[in-house]
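Notes follow the structure.
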There are 2 protein chains.
Amino acid sequence: MFYSLPCVTMPPDPPALPGNDKEAEADARERLLAAAQDAFAEHGFKGATVRDICRTAGANIASVNYYFGDKEKLYIEAVKRAHVCAGRMDTFPVPPAGTPPVEKLRGFIREMVTRMNTPASPAAMKLMLREMADPGKAAHVVVTEFIQPAAFALRAMLRELLPQLDEQHLLMTGFCIIGQCLYYRQNRPISELIFGKEAIDALDSNAVADHVVRFSLAALGHAVPIGDATSGRKTSARGKK
Amino acid sequence: MFYSLPCVTMPPDPPALPGNDKEAEADARERLLAAAQDAFAEHGFKGATVRDICRTAGANIASVNYYFGDKEKLYIEAVKRAHVCAGRMDTFPVPPAGTPPVEKLRGFIREMVTRMNTPASPAAMKLMLREMADPGKAAHVVVTEFIQPAAFALRAMLRELLPQLDEQHLLMTGFCIIGQCLYYRQNRPISELIFGKEAIDALDSNAVADHVVRFSLAALGHAVPIGDATSGRKTSARGKK
DNA sequence: GAGAGAGTAAAACATCTGTTTCAATCGATC
DNA sequence: GATCGATTGAAACAGATGTTTTACTCTCTC
């Protein structure tokens with residue numbers, strides 16, 4: 001199992017904060033960022049108010065101007081911080097050389113689903129998803145540092161796995177996989193409304209990861225299809241191709 | 001091909017509007033709803049302003065109070081209207097009796113992807129997706145009338161197709177399929193940022209539908225896996241089970 | 001200890017936003 | 001034509017919100 005996280009797994013300390021060797025009280029700037037992250041995640045950019053953020057952070061109204069300039073710059077910084085807290089996607093563990101393509105893909109999907117469903121910081125993940133659903137000024141950061149590396153890694157794996165597939169179908173295949181990974185978190189509230197909160201809560205994160213892996217690999221012909229004998233864990237099941 | 005739409009395919013006239021036999025000018029209430037739909041779709045509930053909506057609708061500020069009471073009630077009505085414009089999911093065409101389960105599923109997925117990617121009213125779809133991503137007071141309507149029927153229909157098909165699967169895996173399988181259907185529209189802006197607008201625009205809606213169908217059916221063992229011989233269109237390819 | 005500079009506190013500002021008020025207008029009915 | 005109800009128009013209101021200003025308090029340096 002090569003995908004043990006080598007990077008941050010807990011909400012990390014403020015990354016490389018100058019002069020932050022204090023004991024208990026965090027920097028005001030850092031408190032503002034943390035409060036902003038929560039508030040923006042919960043209410044969006046428009047919905048969150050700087051007054052509320054400052055109150056939560058125990059700082060004065062003027063401090064957001066002092067440290068960040070204005071609300072929007074604070075927002076962008078909060079998103080940047082969130083993408084670190086949520087676990088940067090470009091820090092995906094690299095499988096050891098010689099790992100079979102199918103195994104690489106399996107590890108990737110598992111990692112993706114796991115990170116989505118049990119993020120180190122739920123608020124950070126929520127904020128990132130919000131920015132993804134409605135890209136604004138901060139989307140560039142999220143895409144460049146968080147998503148694009150993962151997307152390109154996935155595409156490389158698929159190309160290795162399906163060398164005969166044209167670009168467009170390769171792209172769509174990646175979307176099919178990512179779509180599944182994103183669904184559970186992106187649409188969890190709605191799923192709960194449809195099927196009831198209990199039914200959704202009952203879904204174990206590991207079981208979801210396993211299922212998405214099997215579904216995707218089966219679609220690619222590298223696992224036993226869903227619904228077949230329960231031992232559907234073998235890698236290259238059918239001797240086709 | 002049984003899934004030709006029997007219901008609305010164009011932005012329908014205001015449904016059952018009392019005394020609307022006029023020629024050109026629409027009811028002020030209807031103009032407000034239309035403008036609100038666009039504004040809320042574009043900027044969200046907080047971001048859209050009643051002043052802007054009224055200006056677009058050519059109505060007075062007081063009219064939103066007069067016709068709807070307040071901004072939130074206008075929002076709810078706009079969402080209700082949107083879910084009609086976007087094509088109610090409970091109006092899915094029913095396949096003729098005796099249709100094989102696989103064909104039913106194939107038709108369902110195709111219909112779903114098509115409706116998502118080429119909606120009658122893009123703004124309406126955008127507003128619905130917004131409400132789904134961040135469920136508020138209007139989510140209940142969207143879920144009950146738009147999504148739940150489709151979700152239950154899908155689950156019934158899957159149960160018919162995979163009778164030996166337990167409830168949880170049935171649920172997850174449905175999520176895997178819906179996740180793919182939703183991805184392209186829900187994350188189109190981000191996809192464009194990652195791979196470039198041209199690459200995404202180049203994806204034909206029909207090709208996407210075909211691909212999602214094949215990916216899903218292959219995962220269920222009812223189509224040739226992705227990457228196999230290009231003739232992957234047969235229904236029950238492998239002679240297993 | 002004086003001075004400088006970083007950080008904080010409280011108030012004020014200007015603008016925007018949802019909502020309300022109240023008079024004016026229009027159209028049909030008696 | 002007068003009356004009544006529905007609808008519209010313009011202005012005003014009250015509150016919230018992002019931002020700025022100004023004075024104050026530390027802490028560190030000289």
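The sequence lines fix the lettering, A, B, ..., with proteins before strands; numbering per chain opens at 1. Heavy-atom basis, side chains included; hydrogens, waters and symmetry copies ignored.
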Practice task
Identify which nucleotide among D:dG18, C:dG18, C:dA10 has an atom closest to any side-chain atom of B:K71, counting heavy atoms from C-beta outward.
Solution key: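 Shortest atom-to-atom distance from the side chain points to C:dG18.
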
Handout entry: Closest to the A:A62 side chain, choosing from D:dG9, C:dA10, C:dT19
Key = C:dA10

Could you state the [atom1]-[atom2] distance from [X] to [N], rounded to the nearest angstrom?
| X | N | atom1 | atom2 | answer |
| --- | --- | --- | --- | --- |
| B:I53 | C:dT17 | CD1 | C1' | 12 Å |
| A:R51 | C:dA12 | CZ | C1' | 11 Å |
| A:R29 | C:dA6 | CZ | P | 15 Å |
| A:L74 | D:dT17 | CG | P | 15 Å |
| B:N60 | D:dG9 | CG | C1' | 5 Å |
| A:D27 | C:dT8 | CG | P | 8 Å |
| B:I61 | C:dG18 | CD1 | C1' | 10 Å |

Exercise for the section: Please determine if a side-chain N or O atom of B:N65 lies less than 4.0 Å away from the OP1 or OP2 oxygen of C:dT19. Expected result: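 It does not, given that no N or O in the side chain of B:N65 lies less than 4.0 Å from OP1 or OP2 of C:dT19.
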
Problem - Short side-chain N/O contact from A:Y66 to OP1 or OP2 of C:dA9, under 4.0 Å - result: no

Completion exercise
Note: A:Q37 and A:C85 closest approach over all heavy atoms is OE1-SG, 4.1 Å

Problem - Ring-face cation contact, B:F45 with B:K71, 6.0 Å cut, 45° max - result: yes

Completion exercise
Of A:Y67 and A:K46, the one whose closest nucleotide on DNA chain C sits nearer the 5' end is A:Y67

Practice task
Enter the inter-axis angle for the ends of the helix from C:dG1-D:dC30 to C:dC30-D:dG1 (five pairs per end, rounded to 10°).
Solution key: 10°

Problem - Flag, side chain of A:N60 to backbone of A:S63, donor-acceptor distance under 3.5 Å - result: no

Handout entry: Side-chain donor/acceptor of A:R110 to backbone N/O of A:A209, under 3.5 Å
Key = no

Practice task
First locate atom NZ of B:K80, then atom OH of B:Y75, and finally report the distance between them rounded to the nearest 0.5 Å.
Solution key: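 Answer for the NZ-OH pair, B:K80 versus B:Y75, is 13.0 Å.
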
